[in-house]
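In what follows, chains carry the letters A, B, and so on, assigned in the order in which the sequence lines appear, proteins first and then strands, with residues in each chain numbered from 1.
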There are 2 protein chains.
Amino acid sequence: MFVAILHGEHAVVHGKVALAVCLNLRTYLRLRATTNGKVCINLPNIDTFLSWDLDEVKQLNPHPCGQSEELNCLDHEIVRRLRDFVGVVDGKLDTGNMAILAFLYIYISLFGSGELPSLTMSVWSELPTGAGLGSSAAYSVCLAAALLCACGAIPVPLKETDHTARWCQEDLELINSWAFKGEMIIHGNPSGVDNAVGTWGGMLRFVVGKIIPLSRVPLLRILLTNTKVPRSTKVLVARVKDKINKFPSIMIPVLDSVDGISCTCEKVLSEMTSEPITGEHYNILEELIDINQHHLNVMGVGHPTLDTLCRVTLTRGLHSKLTGAGGGGCGITLLRPETDSLVVQRTAQDLKDCGFDCWETSIGGPGVQQHSPVSIKQEVLDILNKY
Amino acid sequence: MFVAILHGEHAVVHGKVALAVCLNLRTYLRLRATTNGKVCINLPNIDTFLSWDLDEVKQLNPHPCGQSEELNCLDHEIVRRLRDFVGVVDGKLDTGNMAILAFLYIYISLFGSGELPSLTMSVWSELPTGAGLGSSAAYSVCLAAALLCACGAIPVPLKETDHTARWCQEDLELINSWAFKGEMIIHGNPSGVDNAVGTWGGMLRFVVGKIIPLSRVPLLRILLTNTKVPRSTKVLVARVKDKINKFPSIMIPVLDSVDGISCTCEKVLSEMTSEPITGEHYNILEELIDINQHHLNVMGVGHPTLDTLCRVTLTRGLHSKLTGAGGGGCGITLLRPETDSLVVQRTAQDLKDCGFDCWETSIGGPGVQQHSPVSIKQEVLDILNKY
């Protein structure tokens, strides 16, 4: 349950509506009870394999007699001890250390008032980290769900005959609030959107602090492309702000137009769940993608590789836009239900020939869920079982 | 004095500000008194060479004893007789017939109350007709100025030592009003902008029926490119209107943003005449061009050839946008004062290699003027003298 912005990136910083969607590229977490008196963490995506004696970890808990956690707020004493423990260099943590910090924080917070359990956690992700697609949120949501289950705060939802199962609304809210703590540890000041999408799946509307899951959305086939051009979200957000200050009479209407795109898109997607889906629905979705991509270029967050993505896919009749911060990074290409798999394969090959990574997936899929082993692809099972 | 829209095409149809500029690609008209009792008209650009006996033309005047012309209104009886005379096929006139009709209308209206003079008129234009660059207005303005001079309604401004001379404001207004009649004959329902630009030159701001010549504007070097893709202005205007009706919350802000572009551009150009011109002035002009080109694509009036124009010029660091109706047609590329002529030549060659026509010229030049023969390029003189 990675996250992409369908419409409204950057405009959301300036108070406009954005739509965040769940990508059906998933992060899998396996938690096993062990008897070796150790906590083991295996993150094969980033070559991180660590284990600690339970006694060692126990020392990190400043409240061994238990203390209730405040919602949406970190226990700064635990964070301080953990940062010392994992080893902070120049105030910065690398991806692996961030992931460990988030795990240990939730683990200690949830189990700290009692006995710490001996366990091994393995996580495998279908997407590389750092592509700006909410990989940390996907990880945090999995962590929260697995550890909340393990400590008994939420039930194990999977019945014997199920392939997958989800939690009830109340449990999802608890998962989301702990995932948000993980995000706070990793990001400092997260918007809360990524973990909400990872938890509820589907699509979320967000605008100045309000995050509203949309009740029903259609599943849309997409190609996800990573141009692999590195960029700084902070620099790009500042660039847009500068341009608004430089040309307010030109740029403020562009933000209003993006708001109109998000709202129109939300309306069309809602119609697609309540009436027969027609080609015209897809025509509109494609038009909205094209208009928004132009607006993002106007905001100054385009990139020649993103122009290439749009041009290459358009030669196959497909429409693309950047997703997220822009300036490189990732783009999404809408596929129609009738788009032939040969066309998709050829387009993906064209994009790979440009030096991009490319995945066929869908948006609007489910959020966090528990899987029975038979519902998981063998290659993923193999990796999770290996560690 | 051809005309290009610098910013605001299409948006002007919806009540927004547009900036029209005079292109320094010119139309030359030579009028000679003759003694053969004939009216001769030579339009070598469109292979049109005709002459009539004065007696024949005299019959076309419904008011041989003279009748005052109403301003901004055609004498429909003359128009009716002229249409019969030049031969209307299926209610339509080709370019040559239109040009003849406009000439005869102004000729008869100005001289009709007295003796019709025997004369030969030759017109040569540096740009082909029908490129959507106000070729008919350039022609109408020349016609009006030459015939008003010939009938003594305005003075001959050229002094012996001058190379070129312009008329006073009052005379220009008379020229403009007669040029507008020519445009009414050719176009049916012209906006009046093209003939105003051809008359006053420089740059005009126009918005819902108001046309305001800007007092001082800098001369800007440009490349003018004709993609040679034919298009219908009517169809393109309708397309934009449909898109506004389909997505009002998205498209109305885009029109507002275009309005902001025109006003910002006007402000920058005005600053360029009152303070030292800097690179930053050009940076802003380039940014405005890029933003407007994206907006025109959003309006649905782009074209793959125009994308090519933008891409090809950008590889040389130059910024382009369509001008006029779009959907093919013409584009302009801003050149900086420091842009090396070798870069300009190579860019022009790149564009010609794409199958486009390309001219280096400038915008913001003078409107209608009288030339001494020495101020005219030999090749133009040769053509005008040949006929």
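- Residue I250(A) comes nearest to L288(B) through the heavy atom pair CD1-CD2, 3.4 Å, listed as atom of the first residue, atom of the second, then distance.
- In terms of heavy-atom pairs under 4.5 Å with chain A, the best-connected choice from G300(B), C263(B), P253(B), P304(B) is P253(B).
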Could you list every donor-acceptor pair linking chain A to chain B (distance under 3.5 Å, backbone and side chains)?
from    : atom 1 : to      : atom 2 : distance (Å)
K246(A) : NZ     : E280(B) : OE2    : 3.3
K246(A) : NZ     : E287(B) : OE2    : 2.6
I250(A) : O      : S257(B) : OG     : 2.7
S257(A) : OG     : I250(B) : O      : 2.6
E280(A) : OE2    : K246(B) : NZ     : 3.3
E287(A) : OE2    : K246(B) : NZ     : 2.6
H294(A) : ND1    : H294(B) : ND1    : 2.9

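- Each salt bridge (charged side-chain N to carboxylate O under 4.0 Å, His left out) pair with one or both residues in residues 291-303 of chain B, not counting sequence neighbours, would appear here, but there are none.
- Note: I261(B) leads L314(B), L255(B), I261(B), V254(B) in heavy-atom pairs under 4.5 Å with chain A.
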